[in-house]
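Side chains included, hydrogens not; waters and symmetry mates left out as well; all remaining heavy atoms used. Chain identifiers are assigned alphabetically (A, B, ...) following the order of the sequence lines, protein sequences preceding nucleic acid strands; residue numbering begins at 1 within each chain.
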There are 2 protein chains.
Amino acid sequence: MLFKIDTETTSRPAGRIRQKNESIILRAAEIEFAAAGFKGASMNDIAQRAQLPKANIHYYFKNKLGLYMAVISDIIALWDSTLNAITPDDDPYEVLSHYIARKIRFSAENPLASRIFASELVNGAPNMKEYFREDYNLWFKGRTEVFRAWAEQGKIDAAVTPEHLIFLLWSSTQHYADFAVQIKAALGKEELDDADYQNATDTLTHIILKGCGITK
Amino acid sequence: MLFKIDTETTSRPAGRIRQKNESIILRAAEIEFAAAGFKGASMNDIAQRAQLPKANIHYYFKNKLGLYMAVISDIIALWDSTLNAITPDDDPYEVLSHYIARKIRFSAENPLASRIFASELVNGAPNMKEYFREDYNLWFKGRTEVFRAWAEQGKIDAAVTPEHLIFLLWSSTQHYADFAVQIKAALGKEELDDADYQNATDTLTHIILKGCGITK
DNA sequence: GTCTATAGAGTGATAGAC
DNA sequence: GTCTATCACTCTATAGAC
């Protein structure tokens with residue numbers, strides 16, 4: 001997607017030290033932003049977690065927003081790519097079961113990224129206005145065409161609106177990262193293990209595929 | 001559920017003025033907290049939106065957290081009640097299609113409440129630790145029993161894990177409030193209308209009920 | 001009950017010595 | 001490249017006049 005942000009302070013090729021420090025800062029920022037949102041996180045806390053002086057962060061990143069966008073842009077790239085791979089010629093059963101498994105795995109492995117994205121959206125996406133411009137609608141329309149083609153080929157129930165099926169795929173899988181606290185409390189566990197994620201994947205796959213009338 | 005918070009400054013019975021001002025403040029706070037999260041929202045902005053002096057808010061509510069909890073406790077009460085009404089003797093088809101419709105309607109009518117709750121959870125629920133205590137696990141277990149009973153009566157596919165079915169019901173319906181920005185951008189609409197919500201309800205009901213093997 | 005005026009802590013950001 | 005010291009500002013919260 002078309003969504004570029006200036007995150008570098010200088011235009012010089014990254015030196016070894018720079019590269020290392022930037023990645024340390026980004027990792028620290030990811031944790032802080034995930035825990036408190038954009039406004040809630042403080043440069044001070046990020047600096048402390050990165051074990052670097054506050055001014056050092058301002059040397060590597062233009063300002064707080066620049067750092068935030070640097071963290072978020074990585075997440076967005078991952079997001080878009082998941083749906084883009086699907087074409088009308090694919091087998092719905094194969095593709096969707098793969099998609100569900102992949103998104104749940106992503107939720108399990110990158111919970112912080114998911115949560116920062118979710119936090120941004122829940123608050124009305126004030127820092128991502130350009131991302132949700134007109135072309136987002138066009139891109140999404142293109143993606144629904146795939147499901148519509150499947151419906152015309154009788155591979156999916158006519159009662160299923162492609163748009164809302166996509167929303168269902170997104171919501172049900174992201175939920176395991178975004179609402180992890182509630183899920184852990186409900187299941188009475190400190191952390192979710194592989195069996196939990198497998199269970200989630202199996203149940204979601206069963207319900208969604210069968211519910212859409214997609215057969216193997 | 002057992003989750004009480006002191007929100008009042010005094011213990012006196014609420015006077016007419018007090019009642020009116022508190023509700024004005026609560027409404028303003030709801031908007032601000034939904035837009036920026038707990039830390040991101042400022043008492044100043046809340047006061048300005050309520051058209052009251054900042055100190056006035058501190059007179060009615062103990063502090064920022066107290067105000068926040070007053071907003072949140074209303075939401076929680078609504079949340080719990082939805083699942084509590086279900087019993088094993090109910091007809092799964094009736095109950096679940098009702099549940100889905102009701103939760104989507106709630107997302108449509110109370111998007112701010114949903115988003116504040118979501119924002120709190122996404123950030124690790126720092127202000128709701130007591131809510132997600134041991135009894136939450138017990139309460140949730142009790143709710144899963146209903147679905148398990150249905151499964152034993154052959155009313156639900158054995159492949160469906162009750163826990164994850166509940167998570168699916170939550171995530172898919174809340175999504176329309178929490179991620180409204182993304183949904184509107186995807187559909188290319190300024191606001192979602194009744195037809196959109198009806199469409200969402202129909203598609204979700206079809207997929208989830210059929211996917212669970214629940215027949216009318 | 002109401003509101004002005006301000007305290008005191010914390011914020012993002014930068015100048016300038018090293 | 002690095003980091004101390006500091007600025008200007010905003011935050012929550014309260015004292016005290018009305």
Side-chain angles (χ1 to χ4, degrees), chain A residues 5-26 28-33 35-72 119 123 126-127, chain B residues 5-26 28-33 35-72 119 123 126-127:
Chain A
I5 320 106
D6 272 339
T7 56
E8 302 284 344
T9 300
T10 78
S11 53
R12 288 228 240 100
R16 224 176 300 115
I17 303 173
R18 171 169 221 104
Q19 218 163 2
K20 185 188 153 198
N21 278 347
E22 279 183 358
S23 103
I24 289 176
I25 293 169
L26 283 171
E30 197 180 30
I31 295 173
E32 294 297 326
F33 283 132
F38 174 65
K39 286 200 79 178
S42 87
M43 297 296 270
N44 218 335
D45 292 349
I46 294 171
Q48 265 190 287
R49 184 174 293 277
Q51 305 230 52
L52 286 169
K54 196 169 43 158
N56 208 315
I57 297 185
H58 280 95
Y59 174 72
Y60 288 113
F61 296 91
K62 197 182 163 202
N63 51 27
K64 190 184 182 183
L65 184 59
L67 174 57
Y68 183 69
M69 295 313 283
V71 171
I72 269 214
S119 185
N123 293 335
N127 303 309
Chain B
I5 321 106
D6 271 340
T7 57
E8 302 284 343
T9 300
T10 78
S11 53
R12 287 227 237 99
R16 226 176 300 111
I17 303 173
R18 172 170 220 101
Q19 216 162 6
K20 185 187 153 199
N21 279 347
E22 279 183 358
S23 103
I24 290 176
I25 294 168
L26 282 172
E30 196 178 31
I31 296 173
E32 294 297 327
F33 283 132
F38 174 66
K39 285 201 78 176
S42 87
M43 298 294 270
N44 216 336
D45 293 348
I46 294 172
Q48 266 190 287
R49 184 173 293 279
Q51 304 229 54
L52 286 169
K54 199 171 33 161
N56 208 316
I57 298 185
H58 279 96
Y59 174 71
Y60 288 113
F61 296 90
K62 197 182 163 203
N63 51 26
K64 190 184 183 183
L65 184 59
L67 175 55
Y68 183 68
M69 296 312 284
V71 171
I72 270 214
S119 186
N123 294 335
N127 304 307

In whole angstrom, give the distance that lies between atom [atom1] of [X] and atom [atom2] of [N].
X: A/Lys64; N: D/dT10; atom1: NZ; atom2: P; result: 14 Å
X: A/Ile57; N: C/dT11; atom1: CD1; atom2: P; result: 13 Å
X: A/Arg16; N: D/dG1; atom1: CZ; atom2: C1'; result: 14 Å
X: A/Ile25; N: D/dT2; atom1: CD1; atom2: C1'; result: 12 Å
X: B/His58; N: D/dG16; atom1: NE2; atom2: C1'; result: 16 Å
X: A/Phe38; N: C/dT11; atom1: CZ; atom2: C1'; result: 12 Å
X: A/Met43; N: D/dC9; atom1: CE; atom2: P; result: 19 Å
X: A/Asn63; N: C/dT11; atom1: CG; atom2: P; result: 17 Å

Contacts of B/Ile17 and A/Asn44 projected onto DNA chain C by closest heavy atom; the upstream (5') one is B/Ile17

Which pair of non-hydrogen atoms, one from [X] and one from [Y], has the smallest distance, and what is that distance?
X: B/Asn63; Y: B/Met43; answer: C-CE, 4.4 Å
X: B/Phe33; Y: B/Lys64; answer: CE2-CE, 4.2 Å
X: B/Ala36; Y: B/Ala41; answer: CB-N, 3.7 Å

Roughly how far, to the nearest 0.5 Å, is the CZ atom of B/Phe38 from the CE atom of B/Met69? 9.5 Å

Output for pair (A/Gln19 CD, A/Tyr60 OH), nearest 0.5 Å, gives 11.0 Å

Give the table of side-chain donor-acceptor pairs shorter than 3.5 Å for residues 45-57 of chain A, with sequence neighbours excluded, one pair per line with atom names and distance.
unit_1  : atom_1 : unit_2  : atom_2 : d
A/Asp45 : OD2    : A/Ser42 : OG     : 3.4
A/Arg49 : NE     : A/Glu32 : OE2    : 2.7
A/Arg49 : NH2    : A/Glu32 : OE2    : 3.2

Can you find a pair of side-chain heavy atoms, one from A/Lys39 and one from A/Tyr68, that are under 4.5 Å apart? no

Please state whether the phosphate of C/dG1, meaning OP1 or OP2, lies under 4.0 angstrom from any side-chain nitrogen or oxygen of B/Tyr59. yes

For a quick test of reading the model: is some side-chain N or O of A/Tyr60 closer than 4.0 Å to OP1 or OP2 of D/dG1? no

Measuring from the side chain of B/Ser42 (C-beta onward, heavy atoms only), which nucleotide among D/dG1, D/dC11, C/dA13 has the closest atom? D/dC11

Within residues 45-56 of chain A, those residues having any heavy atom closer than 4.0 Å to DNA chain C are A/Lys54, A/Ala55

